Amino acid sequence: MKYIVVTGWVMSWTWKGIVSASLGSLLKNSGYGVEIIKCDPYIQIDAWTMSPYEHGEVFVTHDGGEVDLDFGHYERFLDQQVMFENSITTGQIYQSVIHKERQGEYLWQTVQVIPHIVDEVILRIENVAKKLEDHRGSWAVVIIEIGGTVGDIEWPHFAEAMRQLDMNKDNIVQFVHVAPLISHSYNSEVKTKPLQHSIQKLREIGIIPDYVVMRTPSEVTQVPSEKISMMCGIPTENCIHCPDRKTIYQVPIDFELQWFDKQVQEWFWWEYAAPKFETWKKKVEVLMNPQKTLNICLAGKYTELEDCYLSVVEACIHAWVHFDSKVEIIRLDTAEVEKKWEEYIALFFKEHAIKGVVVPGWFGERGVEWMILVAKYARENKTPYLWICLGLQVAVIEYARNVLWLEGANSTEFGTTPHPVIDLMNSQKDVENKWWTMRLWHYEAQLNPSSKVSTLYGAASCIDRHRHRYEVNPDYHDQLSHEGDLRLSWCSPDRMLVEYIEYSHHPYFIATQAHPEFESAFLDPQPLFRDLIKASLQRE
Ligand code: GLN
């Protein structure tokens, strides 16, 4: 099998994920089969309980896995679903080795990091590779991104697994090492020593990188490739420059210009096939030089950290490119605002010339009351808005309180209420293990044929990913849908769970219990986001 292993150094956030996704998209667009795996050193089984402040958003795979945000980059760049088995964590590896030990699989052996833990890592990688190989034969490659940085205390079992993968004569493995070149503000010269040391560290464990990707600020136009080549024993043409860019979607183009993909292909003994990248390049051109600007408000409780709502922001980017415009995301932190007075919202929207609103999902009560006021403002002022997951629940609470006059209506997630319009499903109320109450999967929804959603999807049903616990309470379905403007548009095939709601007399109001942001790709914007931008542009 053919593998590309991507390692990184100095810190996380060196764009290892973007480098892996960019190489993947170049190879996929040249006609090869590609899978991307991420090995994460943490002890958790998945990213379920990770803090968004530390790790950014939790991405949800089609099969309900809660994974690192890099999976979002893989899917958006490759325009293909990446499944949960592609996420390998130290926790999963130890759990299954210990499970096997209890089953008696290692009788009379001492269970150790080498061979047992390392073998388990390799086994999981080979399972993904096998699927791809069965499907694409030898015209396929598995890219493996190793989380963390070279030399981390929780890193060696993954490094050793990569070394052993390379020792197997049936494999061709190329190693790509991503590292920043450091520069001082008082001296524009970039320094290569730290990078050299990281390569020495890799060599200590028996890995010799075939390529080095040098990350620099955008102003650095010259990189000392010859010097790095000489000091690290990597051919000059394999020293790839990857400067910061206005858009991450420029990275595959930068790589192609340096023939990175060509060298990778030839190393695998493939005859070079140039990637079909014309549409991609045109879209990047639009991103760099947009014709119009449009302000969209992103209202939520983690707004100060960009990565917390990464997929929502990226889905907006995909949609705006489609309309040759640039969307300025204006963040409204609903947890920070102290005085909950409605006029503030009107002022905020006016001051920032906001034409549309998107509200991402989250857990917990912080910021919700303020959000309900945003919902009221957008409903009454006919501002286009897209509400996701908790967003839908907030929109229902707002409607129940302010249109149906159900005083104190709320979600039971936030305490007791006389009108629990949002509640846990009955079947989940007695479940004690918190994780089992999560609704994590892609679920089908039957769409109301006269709904806007069904027109947008061009279908009678749709399938989207879910990550939540609470639902619109079925006891209130009739009241919500029969006494006014709100349309449930619709739900699970048994009609118990609401998937979408919309207002009939509103230019664009759609709320969904699902997470459509995880379905958007650079070349294929998600329809709900696309239409939000379209409706917002019409407000100009
Ligand atoms: N907290 C809500 C629930 O559990 C919404 C979750 C979300 O927005 N992802 O249902």
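All ligand and atom numbering here is 1-based and tracks the order in the structure. All values derive from a computational prediction rather than experimental measurement.
By the 6.0 Å and 45° rule, R215 stacks over the aromatic ring of W15.
The side chain to side chain donor-acceptor pair (under 3.5 Å) with R76 is formed by just one residue from the set S25, S520, S311; it is S311. When each of H157, Q44, E154, Q95 is tested with T90 by the rule side chain to side chain donor-acceptor pair (under 3.5 Å), just one qualifies, namely H157.
A side-chain N or O of H466 and one of E499 form a donor-acceptor pair less than 3.5 Å apart. Side-chain contact, E35 with N86: a donor N or O sits under 3.5 Å from an acceptor N or O.
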Any protein N or O within less than 3.5 Å of an N or O in ligand 1? List each pair with its distance, or say none.
from: ligand 1; atom 1: 1 (N); to: W362; atom 2: O; distance (Å): 3.1
from: ligand 1; atom 1: 1 (N); to: E413; atom 2: OE1; distance (Å): 2.8
from: ligand 1; atom 1: 1 (N); to: E413; atom 2: OE2; distance (Å): 3.1
from: ligand 1; atom 1: 4 (O); to: R469; atom 2: N; distance (Å): 2.9
from: ligand 1; atom 1: 8 (O); to: W362; atom 2: N; distance (Å): 3.0
from: ligand 1; atom 1: 8 (O); to: W362; atom 2: O; distance (Å): 3.4
from: ligand 1; atom 1: 8 (O); to: L390; atom 2: N; distance (Å): 3.0
from: ligand 1; atom 1: 9 (N); to: R467; atom 2: O; distance (Å): 2.8
from: ligand 1; atom 1: 9 (N); to: H515; atom 2: NE2; distance (Å): 3.4
from: ligand 1; atom 1: 10 (O); to: Q393; atom 2: NE2; distance (Å): 3.0
from: ligand 1; atom 1: 10 (O); to: R469; atom 2: N; distance (Å): 3.1
from: ligand 1; atom 1: 10 (O); to: Y470; atom 2: N; distance (Å): 2.7

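In this structure, W280 has its ring center closer than 6.0 angstrom to the ring center of F522.
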